[in-house]
2 protein chains.
Amino acid sequence: MSDSGTALLGDAPALPERVALLLRERILSGGLRPGTFLRPDRLAVDLGVSPTPVREALQALRADDMVRALPRRGFVVAPLDRGDVADLFAVQAHLTGELAARAAGALDAGGLAGLQGLAAEVDALIEEPGGEDLALAGAEHRFHAALNRAAGARKLAWLVGRAAHYLPPRFYTDRRAWRTATVDAHRRLLAALAAGDADTARAAMEAHVLDGRDLLVAHLEAVGFWGADEH
Amino acid sequence: MSDSGTALLGDAPALPERVALLLRERILSGGLRPGTFLRPDRLAVDLGVSPTPVREALQALRADDMVRALPRRGFVVAPLDRGDVADLFAVQAHLTGELAARAAGALDAGGLAGLQGLAAEVDALIEEPGGEDLALAGAEHRFHAALNRAAGARKLAWLVGRAAHYLPPRFYTDRRAWRTATVDAHRRLLAALAAGDADTARAAMEAHVLDGRDLLVAHLEAVGFWGADEH
DNA sequence: GTTGACGATATCCTATGGGATTTGTCGCGA
DNA sequence: TCGCGACAAATCCCATAGGATATCGTCAAC
């Protein structure tokens with residue numbers, strides 16, 4: 001907090017959101033293990049920001065159930081076991097599948113063309129091996145957002161977005177397996193949407209989400225997230 | 001900011017949470033219609049608190065998708081139509097039912113006795129016609145929380161808690177129909193739990209949640225929440 | 001009538017400080 | 001020696017003030 005304010009962060013979106021993103025990554029990277037205590041004021045000085053945006057970021061993490069508030073005592077990183085991840089992605093797959101199925105029934109020609117364009121952007125970025133992770137993640141996000149908008153179910157899309165915070169970009173964008181699986185999933189999904197086949201769209205989307213789950217689980221295993229559990 | 005700080009609020013839980021509760025009630029009561037703009041600083045002076053807890057409360061509402069943030073322009077009350085409510089409670093019923101089913105399989109004698117005790121507290125408060133709404137809502141909450149704990153699915157319980165913010169206490173505790181339906185639902189649920197009958201427990205709980213949905217819908221109709229929609 | 005720039009307003013964040021509560025330690029008594 | 005109560009330190013929670021930046025309304029110019 002000596003010289004220039006934001007020290008180790010970029011400066012594109014709002015500050016609380018960037019802090020929340022950083023904390024989410026630290027938690028899922030194993031840097032902050034479940035049970036770790038977080039002191040807001042200390043975090044603020046460590047990150048080089050003031051307490052206000054840190055407070056807000058911790059509130060956001062609390063809404064994701066990634067930290068829990070201990071009144072007058074700070075925050076703790078919430079527990080997360082294999083069962084939790086399984087539950088989370090089971091719901092995620094179900095809801096995302098439902099959204100895809102609804103989109104299949106509600107999509108007009110223009111909407112379909114728009115989705116195809118977004119999918120093409122994603123595919124193009126996937127093909128580039130040295131591509132920007134952030135650009136790829138952004139394109140993927142826009143694709144899903146457009147699909148959800150087409151489905152016309154705001155609250156379902158909201159729930160999906162909540163749970164999606166458990167799968168940050170850098171845990172999948174650089175995985176070769178995910179890249180190949182994704183182009184295939186998008187292809188099958190778009191074919192189903194074009195045909196208005198809700199059931200196939202649902203199935204393709206569910207499979208896509210479960211691919212993401214497998215990636216996250218593999219990552220968590222790799223970093224030893226579960227610690228000394230009974231394996 | 002003139003004299004004593006907290007002017008029109010109680011003082012039991014944390015301040016941001018109380019502000020969030022108050023805003024949630026205002027929105028679902030029709031006082032703040034979807035599309036209404038909210039200015040954080042103005043809200044702060046109107047409520048007689050500082051901008052800091054208001055910021056945090058609005059962040060919490062944003063996590064519930066009850067308001068949306070417009071960067072540098074404040075917040076808007078999020079849209080909510082009949083389809084949204086239907087979706088929300090369909091998911092809520094499914095997840096709550098799942099939790100009940102798991103509890104049926106995982107409950108030991110002590111846990112069952114504890115739940116029966118909590119249910120008895122709820123029933124006692126329901127019988128008292130002039131009973132305290134807050135006490136009843138608190139007892140009901142503890143009952144469901146204990147059940148969710150017994151089910152051992154943290155993330156499912158978390159998702160249920162998010163969506164539950166759409167059903168504030170005062171929209172159901174004073175409804176006679178809800179009171180009679182609730183004692184019956186609890187009785188059937190406890191019987192199923194005692195017998196370890198997961199399917200019956202699930203069905204009873206789903207019906208219980210859908211009762212709550214019907215109450216909310218009736219309330220929203222009564223206050224003219226939907227406004228000039230095509231009915 | 002449309003476009004451009006200017007000033008007012010409000011948000012977002014920083015910085016600081018006080019009040020209240022919890023934690024940790026010490027001393028006392030059993 | 002062990003349990004218990006009180007004091008001190010640390011920390012959170014919230015209030016307040018102030019500055020940097022983006023948006024909106026207005027007005028002049030083309």
Side-chain angles (χ1 to χ4, degrees), chain A residues 1-24 26-27 32 35-78, chain B residues 1-24 26-27 32 35-63 66-78:
Chain A
M1 41 89 94
S2 51
D3 44 343
S4 68
T6 68
L8 56 104
L9 301 156
D11 55 282
L15 189 48
E17 197 141 353
R18 272 180 290 149
V19 174
L21 235 58
L22 188 143
L23 291 175
R24 274 195 267 266
R26 280 201 190 171
I27 290 172
L32 291 172
T36 305
F37 280 80
L38 300 177
R39 266 87 56 89
D41 293 16
R42 195 175 192 78
L43 266 177
V45 305
D46 288 352
L47 297 175
V49 301
S50 78
T52 308
V54 172
R55 253 179 100 78
E56 224 167 301
L58 285 171
Q59 189 75 10
L61 283 249
R62 190 169 86 96
D64 290 339
D65 199 37
M66 300 187 82
V67 305
R68 293 180 174 180
L70 308 180
R72 289 281 174 191
R73 300 212 307 127
F75 294 80
V76 211
V77 179
Chain B
M1 46 23 172
S2 51
D3 45 343
S4 69
T6 69
L8 56 104
L9 301 156
D11 55 281
L15 189 48
E17 196 140 354
R18 272 181 290 150
V19 174
L21 234 59
L22 188 143
L23 290 176
R24 273 195 268 266
R26 281 200 188 171
I27 291 172
L32 292 172
T36 306
F37 280 80
L38 300 177
R39 266 87 57 86
D41 293 16
R42 194 175 193 80
L43 265 178
V45 304
D46 287 352
L47 298 175
V49 301
S50 81
T52 308
V54 172
R55 259 177 95 81
E56 226 167 298
L58 285 170
Q59 189 75 11
L61 283 247
R62 192 170 85 96
M66 300 187 84
V67 305
R68 294 182 173 177
L70 309 181
R72 287 283 177 188
R73 301 211 308 128
F75 294 79
V76 211
V77 179

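Keep in mind that what you see is a predicted model, and the values were worked out from it rather than measured. When reading the values below, keep in mind they use all heavy atoms of this one structure, side chains included, and skip hydrogens, waters and symmetry mates. Every chain is numbered from 1, with letters handed out A, B, ... down the list of sequences.
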Inset, instruction - Quick one: closest heavy-atom pair of Leu38(B) and Val67(B), and the distance? - result: CD1-CG1, 4.0 Å
Inset, instruction - Taking atom CZ of Arg68(B) as the centre, report whether more than 12 heavy atoms of other residues, nucleotides or ligands fall under 6.0 Å from it. - result: yes
Legend entry - Nearest heavy-atom neighbours spanning Gly74(A) and Pro40(A): CA-CD, 4.3 Å
Inset, instruction - Provide, to the nearest angstrom, the distance between the CG atom belonging to Leu38(B) and the C1' atom belonging to dA10(C). - result: 15 Å
Legend entry - side-chain N/O Ser50(B) vs dA15(D) OP1/OP2, d < 4.0 Å: yes
Legend entry - Distance below 4.0 Å between Arg73(B) side-chain N/O and dC24(D) OP1 or OP2: yes
Inset, instruction - For Leu61(B) and Ala20(B), work out which heavy atoms get closest and say how close. - result: CD2-CB, 3.7 Å
Legend entry - Protein-nucleotide distance (Glu56(B), atom CD; dC13(D), atom C1'), rounded to Å: 9 Å
Inset, instruction - Check whether any side-chain N or O of Arg55(A) sits under 4.0 Å from OP1 or OP2 of dC14(D), and answer yes or no. - result: yes
Inset, instruction - Nearest whole angstrom, please: distance from the C1' of dC12(D) to the CZ of Arg62(A). - result: 15 Å
Legend entry - Whole-Å gap separating C1' (dC12(D)) and CZ (Arg68(A)): 21 Å
Inset, instruction - Grab the CZ-P distance between Phe37(A) and dC12(D) for me, whole Å please. - result: 12 Å
Legend entry - Earlier contact from the 5' end, DNA chain C, for Phe75(B) and Pro71(A): Phe75(B)
Inset, instruction - Under 4.0 Å between any heavy atoms, over every strand shown, what does Pro51(B) touch: base, sugar-phosphate, or nothing? Just pick one. - result: base
Inset, instruction - Nearest 0.5 Å please: distance from the CG atom of Leu58(B) over to the CG atom of Leu23(B). - result: 6.0 Å
Inset, instruction - Find the distance Gln59(A):CD to dC13(D):P and express it as a whole number of Å. - result: 10 Å
Legend entry - Arg72(B) side-chain proximity, nearest of dT14(C), dT16(D), dT11(C): dT11(C)
Legend entry - Closest to side chain of Val49(B), choosing from dT14(C), dA15(D), dC12(D): dA15(D)
Legend entry - Closest nucleotide among dC12(D), dT14(C), dA15(D) to the Asp41(A) side chain: dC12(D)
Inset, instruction - Starting at atom CG of Leu70(A), determine the distance to atom C1' of dC13(D), rounded to an integer number of angstrom. - result: 14 Å
Inset, instruction - Taking only the side-chain heavy atoms of Arg39(B) (C-beta and beyond), determine which of dC13(D), dA15(D), dT11(C) contains the nearest atom. - result: dT11(C)
Inset, instruction - Between Gly74(A) and Thr52(A), name the one whose nearest nucleotide on DNA chain D is closer to the 5' end. - result: Gly74(A)
